[in-house]
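Right, one structure below, let's go through it.
No hydrogens, no waters, no symmetry mates; every other heavy atom, side chains included, goes into these values. Quick note on labels: first sequence line is chain A, next is B, and so on, each numbered from 1.
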Amino acid sequence: MGWDAFGLPAEQYAIKTDTHPGVITRKNIDRFRAQLQAIGFSYDWDREVNTTDPLYYRWTQWIFLQLYNTWFDSATGRGRPIRELVAEFATGLRPIPVEFSTPEKSIAWTDMTASQRRKLLSGYRLAYEVEAPVNWCPALGTVLANEEVIDGKSEVGGFPVERRPMRQWMLRITAYAQRLLDGLENLEWSESLKQMQRNWIGRSDGALVYFGLAGHSQVVTVFTTRPDTLFGATYMVLAPEHPLASVTSGRTLIPEDWPAETPDCWKYNTAKTPRQAVQAYQQWTSSRSERQRQEETDKTGTFTGIFAINPVNGRKIPVFISDYVLMGYGSGAIMAVPGHDRRDFDFACKFDLPIEQVVAQSPRGAADKPVELPLEQDGWATNSPGINDLPTAEARAKMIDLLEARGVGQRQVNFKIRDWLFSRQRYWGEPFPIVHLTDGTHVPLAESELPLELPQLTDFKPTGTMDPPLSKALAWRDISVVIEPADPAGSPHGAEHARVARPGETGIPGRREVNTMPQWAGSCWYYLRYLDPHNVRRFCDPELEKFWMHGRGIDLYIGGVEHAVLHLLYSRFWHKVLFDLGQVSSDEPFHRLVNQGLILGEAEYTAFATEAGRMVPLAEVDTNWDSRLGPDGKTQIISKSRQTGELLTGRPCPPEEIEKRGDSFVLKADSTITVDARSFKMSKSRGNVVNPDDVIRDYGADSLRLFEMFMGPLEQVKPWSTTGVEGVYRFLQRVWRNINGGDEPCRVVIPDGVGGWQLGRGPMARPLTPAEAAVATADAESILRPMHRTIRKVTGDIERLAFNTAISGMMEFNNALAKLTWIPDIAARTLLRLLEPFAPHIAEELHEQLTASAQSIMTVAWPQWDEELCTDSELDLPVQINGKLSGRVKVANGSDAETVAIAALRDEIIQQKLAGRAIKKKVYIKDRMLNLVV
RNA sequence: GCUCGGGUGGCGGAAUUGGCAGACGCGCCGGAUUUAGGUUCCGGUUCCGAAAGGAGUGCAGGUUCGAUUCCUGUCCCGAGCACCA
């Protein structure tokens, strides 16, 4: 069991209640633990971990140091220690990037200062600091990762998020994009979850194309997945933030005046000069929130006064800026092909730009019939000299070859995934083991300095500025350090590091990093700590890691879908880095993953009425519902009338007022009023939350456990039902009565070893009379086969996680026991053993009564079944005529086709139904059925 | 719009490989016990039909001796992504 307790939810609550998050966390963990223990989960509590415990986060920080001291070698596709990169630079195997050299002389590693070296390496490390536009959430007072922003709002709390340039820590997850994509192939995950990850990683294959600019030597690179449509590119669009569109830079290419014959509609706000237009448009677009930009997809933009040259036909095309092109993807510039792209088409229509067809719906068919543009599907190239009549896929490949041959383009793969923004301006997280130096560079903390503990702050609240709360811990932040150089023998990576200067030692001034890690850090590797939770020398012993993960990853991981692109992606990334560094034996952490379905609140029926109180059928209600706080303080569903737009409010109706009519539910009182029937996610505001404590109080932990598993398939979303809990509660009571006897005398009998039976155990035992014993023997005989079938079913169902059918199997068996006069104790013990994983408390109690021993049922071996005893000796075999069930015949188990056919033809009902028709064919599936074709 | 799931009684669901559709539970109906209610027990409960019988797994087709299961088309519901070039 692990408590992932750093992060925003705990901290937000701490702020609200003005209590230190450490206190809140401890209290919540204690409460959760008590609840889990009340339910009776068999967790190994010796392996309890807590991500906020310094003994735990010491290793989170250690893994961060591994990321920091690792670079991704794209030649081998693997992460490698930074010292190996240093060696490549030092030996000259790898040239020093040109930006570090002066125009006169290229610099050598040995000539570089420590500061220069750090700056150089920063560009390679998997953990790096960079100034970039990030998601800043003012309400939370922190930046957020892309994965934590949904529709322009924070995932936690739903607050608005804005783009803002800030200096932040990033993790180079993009380097692993292809590995993360490929790794999905061999995992036993649901297709939908793999799809979500693939979407997020977002690989697309295409080409870079270089466009020259008319009258300039510069080149603009665009990324396209449809190089085959290059002949249809009639204009170009840059993102408003594209460097080429910068007016403020001294070397701007944007002309001072509009070129001759520039249409007025190309000039944003009918500006007098292109520079004014571009600046005005940039200003407008930066004022728009992420959300507005997503919602209002109406095309806007302005001409820049620049023309580009289409490299395939030398055509001069106008260059625009528009916010439908994003700086963050591809090269931030596109070639616009309005004939074959919806967005370009819309833009072209608005700005009156030429639209040309270069893909036909049939080979050589461009002229035969007019097609409606834009045509986005694949077809055959047309009006494109060099690739004409080739199907799209081939045209694409051929065009790339042509571009590469002429040096005006190249094959290119692009990913949507961005680097992981890894720092937060909050208190409640792991401190970074990083020290900033006065020259603006930073060094990692020595491993011997870990854990770097979070300082106790009484004022842990956000500062209201972009400064993190830890910036207030001056004594903690400002330190004197000694930089220890790279020492291949000393530290695992031979990397340079800092340690706090000892008393009397002269150090240099340093400042600790005051940002903290995001909540995902601790949960990225906790499964590895479970394997070896108390190890103080390593995050996990390699032998134990191999033993449990056996080179393949976790056998079965059960979790919610909400982690699809957060935890599950981050974790895989960290794991792959650890794998590359030889720290773990498997390339993937989670081999098999099952998403449990959410349990919704109890089913609700909602009838709609106008404010005046007139009931309306569901068909009249707009399907876009909203909610508001009703007069009673509860959340109320509101919508509007499709016809009149009038406000409608939803009223919850008790089930007894509702009946089913055809495909819909209606009010019993007025069957013309159709109502909505569905279940909703449990939420405090809706008031449909089921508290496990209440269920345990009323029905016991076993009933709660049993019902959760009985409701339906594990993966499925399903509604809670209180009467359903009563159902499994009754089942447990029937088990109790069968085995304990309840108010009736107990009926469990034990063979006395000489063909008779005795009732009860110890001094109270009495032998059954011969007449009773005869009945008991018959009962034992009749229950034997059902018992073996039940063992087989329950065992198999547990293995395939089909707990609902396992429980129904036990219910059937228990019902069979209830019908017996005497219950042989082997049947009772078997039922209890099978029931124990589901309802351990009652099973343990009854087992103790039954065996009069203190031995726990958990130590009793799992029952085995005998395949022979799982089938009946005589079968009631269905007989079909032309595939339609027409009767049954009793035959011995394992009979051959001939025997069964003879028996069937002798059967009166079958004869009658055959009505003398000749049998053309007999299909017999052994022990399943016989089909007579006439 | 794109991608992935899914559609079976009044409800949750079962049918493991193409072979008896509706297991098990809830609810409902009837009966027994009870002064009564509750509990418990027994019986019934897919739909139409008094019955015989017929229909039936979203809808329309197809393959097959046989389809909830496989194929094609289509509708609906859910989830995710979405101006990603």
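The gap from the P atom of G18(B) to that of G30(B) amounts to 44 Å, rounded to the nearest Å.
Across all strands shown, nothing is found opposite U63(B) as a Watson-Crick or G-U wobble partner with both distances under 3.5 Å. Judged by Watson-Crick or G-U wobble contacts below 3.5 Å, the nucleotide C28(B) has G44(B) as its partner. The partner of A51(B) is absent, by the rule that a Watson-Crick or G-U pair needs both atom distances under 3.5 Å. Nucleotide G78(B) has C4(B) as its partner under the Watson-Crick or G-U criteria, with both atom distances under 3.5 Å. Using the Watson-Crick or G-U wobble rule with both distances under 3.5 Å, G37(B) pairs with nothing in any strand shown. Under the Watson-Crick or G-U wobble criterion, with both distances below 3.5 Å, A23(B) is left unpaired in every strand shown.
When the side-chain nitrogen and oxygen atoms of Q716(A) are compared with OP1 and OP2 of G13(B), one or more of them lie within a distance under 4.0 Å. Note on N815(A): a side-chain N or O is less than 4.0 Å away from OP1 or OP2 of G25(B). At least one side-chain nitrogen or oxygen of N804(A) sits closer than 4.0 Å to the OP1 or OP2 atom of A14(B). The side chain of S190(A) contributes no N or O atom lying less than 4.0 Å from OP1 or OP2 of G5(B).
Within a 6.0 Å sphere centred on NZ of K350(A), heavy atoms belonging to other residues, nucleotides or ligands number more than 12. Around the CZ atom of R198(A), the shell of radius 6.0 Å holds more than 12 heavy atoms that belong to other residues, nucleotides or ligands.
Closest of all the heavy-atom pairs between K793(A) and S808(A) is CE-OG, 4.5 Å. Smallest separation of non-hydrogen atoms from M327(A) and H242(A): SD-CA, 3.6 Å.
In this structure, H242(A) atom NE2 and C83(B) atom P are separated by 19 Å, rounded to whole Å.
When the nucleotides C83(B), G66(B), A23(B) are ranked by their closest atom to the side chain of E812(A), A23(B) comes out on top. Proximity note for M929(A) (side chain, C-beta onward) versus G25(B), A55(B), G19(B): the nearest is G19(B).
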Please write out the pairs of protein N or O atoms and N or O atoms of nucleotides 40-44 of chain B separated by less than 3.5 Å, giving the distance to one decimal.
| residue | atom | partner | partner atom | Å |
| --- | --- | --- | --- | --- |
| U40(B) | O3' | R737(A) | NH2 | 3.0 |
| C41(B) | OP1 | R737(A) | NH2 | 2.8 |

Carefully, step by step, assess Y235(A) and F351(A) under the rule ring pair (Phe, Tyr, Trp, His ring centres under 6.0 Å). CA-CA 11 Å; Y235(A) 63 103; F351(A) 288 83; 8.4 Å; no
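Judged purely by distance below 3.5 Å, without hydrogens or angles, the side chains of N414(A) and R203(A) never pair a donor atom with an acceptor atom. T790(A) and E812(A) share no side-chain donor-acceptor pair at under 3.5 Å.
Contacts of S721(A) with the nucleic acid, taken as non-hydrogen atoms under 4.0 Å apart, are absent.
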